[in-house]
Amino acid sequence: MALTGRTALLAALGSIPVGILEPGWTGILAVNGPLALACACDYALAAPVRRLLLDRSGDTSTRLGDTADVTLTLTNPSRRLLRAQVRDAWPPSSWQPGTEIEASRHRMTVPAGERRRVTTRLRPTRRGDRRADRVTIRSYGPLGLFSRQGTHNVPWTVRVLPPFTSRKHLPSKLARLRELDGRTSVLTRGEGTEFDSLREYIPGDDTRSIDWRATARQSAVAVRTWRPERDRHILLVLDTGRTSAGRVGDAPRLDASMDAALLLAALASRAGDRVALLAYDRRVRALVQGRSAGDVLPSLVTAMATLEPELLETDARGLTAAALRTAPRRSLIVLLTTLDSAPVEQGLLPVLPQLTQRHTVLVASVADPHIARMAKSRGTAEAVYEAAAAAQAQSERRRTADQLRRHGVTVVDASPEELAPTLADAYLALKAAGRL
């Protein structure tokens, strides 16, 4: 039994002493007259809370930045009218800051033997699983003087998926892919291309592509055209170690890496290539392989939803071994990791030959645009020192990238906004050059 603000005000005006009967129970020790009777009746007429039946339905997943509607159904099996305030509690990251109170509290009136529904609209601010907490119900009497209060556990989980903001670049990359895929056949022959068709020679064509046998059988010079092979294997490797926890702007580096991986996966699956995912730091955090072209993107999104950076150093040898197990055939291994000198020189470079001797390796890293802005700072002594520090950091990243390139690795280093399209362009360039 809870004492409402209205009852407290009446008690003060009527000089009615109020005290604690026992822990958790507030009542009136000394009462007189009609007010005591009104309070007792009000409490007796409040619908019981513990007998209420609650159930949930609604969305089970949403993308980060979008909304999810979860419906709470409340059934009143008692013979009394339920006048209630309902608090549907969720973790703080389920709402935008400052909107929790308005979004999670509802007023309901449920007649005896009937049911009503209320909808809680979530707008999560973090990826991962958001699990519902308790539902707290405060049932008021008709006069609003006293209330009954209780809680119910009504489990529900909403999985918050990566936002995939880079999907806006997919149409332009698919147009470039169609040019490479035989609709506009390329004339470059390499390890990753196969014969497509013959056409008439056009001035400027590579003379090495002339098919002399076909030319002898017809009056015009015939030229072979080539198209990129399909069914190549792409392994996306996400480094989830401590360096992926560094924030660039409002999000950790891992989020930008996942966004770039999703765009590349969507593009490669449309190209007919097989895409797999490995997330690793000191153990496998996620593994997706053997999915069909239509199922690969949903599988990757679901697997990435619960990934979080781990505050420990990545085991480069373990990562390499896991990548080789996951990709036994010749593949393009796309490693999304850092270009910081220490992790690369001490961890990745010693084991890199194990990957490059069997696979084509591409390393993609998230660059901090704030460093580029600092490098342009001038005007004050502090700004000059910042510019010098930024220039040194940029120089170290370039030196690390050059070391990787000397091992035959393709390197992509771009800001969070540019990483996804730049990585997709690098994939298309490798495909056009026949290196896949």
Side-chain angles (χ1 to χ4, degrees), residues 63-65 93 96-97 124-128 160-169 236-265 277 279-281 285-286 300-301 304-314 316 319 334-345 347-348 362-377 383 385-401 404 409-427:
R63 290 193 181 276
L64 183 64
S93 57
Q96 296 290 333
T125 58
R126 292 180 58 187
R127 286 181 297 100
V160 185
L161 307 173
F164 192 16
T165 56
S166 63
R167 63 180 177 270
K168 62 187 177 184
H169 299 289
L236 305 171
V237 182
L238 287 174
D239 179 359
T240 55
R242 64 170 184 83
T243 56
S244 67
R247 300 188 73 83
V248 178
D250 295 331
R253 281 185 166 90
L254 181 60
D255 284 30
S257 296
M258 289 193 299
D259 192 54
L262 288 174
L263 179 63
L264 180 55
L277 170 72
Y280 193 94
D281 40 69
R285 301 290 176 177
L300 293 183
V301 169
M304 291 177 180
T306 57
L307 286 179
E308 294 293 343
E310 300 294 330
L311 300 182
L312 43 81
E313 198 71 38
T314 298
L319 185 148
V334 181
L335 175 57
L336 294 116
T337 185
T338 180
L339 281 182
D340 294 347
S341 58
V344 173
E345 293 175 359
L348 181 60
L362 190 158
V363 171
S365 181
V366 182
D368 191 346
H370 181 63
I371 300 296
R373 291 193 295 268
M374 285 176 58
K376 299 177 182 178
S377 300
Y385 281 116
E386 288 183 352
Q392 182 178 2
Q394 290 176 328
S395 177
E396 290 180 355
R397 288 181 73 89
R398 286 193 294 268
R399 181 172 61 83
T400 303
L404 292 171
V409 176
T410 302
V411 178
V412 172
D413 186 22
S415 65
E417 294 77 15
E418 296 298 324
L419 181 65
T422 306
L423 179 58
D425 288 338
Y427 162 77

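Predicted model, so just to flag it, every value in this text is computed and none were measured.
For the atom pair Met258 CE and Leu336 CG, the distance stands at 10.5 Å (nearest 0.5 Å). Considering CD of Glu396 and CD of Gln394, their distance stands at 11.0 Å, rounded to 0.5 Å. Distance CG/Asp259 to CG/Asp255: 8.5 Å, rounded to 0.5 Å. For the atom pair OG (Ser244) and CD (Glu308), the distance works out to 9.5 Å, reported to the nearest 0.5 Å. Taking CG of Leu277 as the reference point, atom CG of Leu307 lies at 7.5 Å (rounded to 0.5 Å). The CE atom of Met304 sits 6.5 Å away from the CG atom of Leu236 when rounded to the nearest 0.5 Å.
Heavy-atom neighbours of Arg167 CZ from other residues, nucleotides or ligands within 6.0 Å: above the threshold of 12.
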task: Any chance you could lay out the side-chain contact (heavy atoms from CB on, under 4.5 Å) test for Arg63 and Val301, step after step, and finish with the verdict?
output: CA-CA 10 Å; Arg63 290 193 181 276; Val301 169; 4.2 Å; yes
**Message:** Run Val237 and Asp239 through side-chain contact (heavy atoms from CB on, under 4.5 Å) and show every step you take.
**Reply:** CA-CA 6 Å; Val237 182; Asp239 179 359; over 6 Å; no
*Passes side-chain contact (heavy atoms from CB on, under 4.5 Å), Leu319 versus Leu348? Steps please.*
CA-CA 9 Å; Leu319 185 148; Leu348 181 60; 5.7 Å; no
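A donor atom on one side chain and an acceptor atom on the other are found under 3.5 Å apart for Thr240 and Asp281.
Under the salt bridge (charged side-chain N to carboxylate O under 4.0 Å, His left out) criterion, Glu313 pairs with Arg242, not counting sequence neighbours.
Listed here is the closest heavy atom pair of Ser377 and Ala387: O-CB, 3.5 Å. In plain terms, the two heavy atoms of Phe164 and Leu263 that are nearest each other are CE1-N, 3.5 Å. Of all heavy-atom pairs between Ala245 and Leu311, the closest is CB-CD2, 3.9 Å. Across every non-hydrogen atom of Arg127 and Ala305, the tightest pair is NH1-O, 3.1 Å.
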Please tabulate, for side-chain N and O atoms in residues 416-426, each donor-acceptor pair with protein atoms closer than 3.5 Å (sequence neighbours left out).
{"from": "Thr422", "atom 1": "OG1", "to": "Glu418", "atom 2": "O", "distance (Å)": "2.6"}
{"from": "Asp425", "atom 1": "OD1", "to": "Lys173", "atom 2": "NZ", "distance (Å)": "2.7"}
{"from": "Asp425", "atom 1": "OD2", "to": "Lys173", "atom 2": "NZ", "distance (Å)": "3.2"}

Per-pair distances, 0.1 Å, donor-acceptor, side chain in residues 362-376, under 3.5 Å, sequence neighbours excluded:
{"from": "Ser365", "atom 1": "OG", "to": "Thr337", "atom 2": "O", "distance (Å)": "3.2"}
{"from": "Ser365", "atom 1": "OG", "to": "Leu339", "atom 2": "N", "distance (Å)": "3.3"}
{"from": "Ser365", "atom 1": "OG", "to": "Arg397", "atom 2": "NH2", "distance (Å)": "3.1"}
{"from": "Asp368", "atom 1": "OD1", "to": "His370", "atom 2": "N", "distance (Å)": "3.0"}

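Within the 3.5 Å criterion, the main-chain N or O of Ala391 finds no donor-acceptor partner in the side chain of Ser395. Between the side chain of Thr125 and the backbone N or O of Ser93, at least one donor-acceptor pair lies under 3.5 Å.
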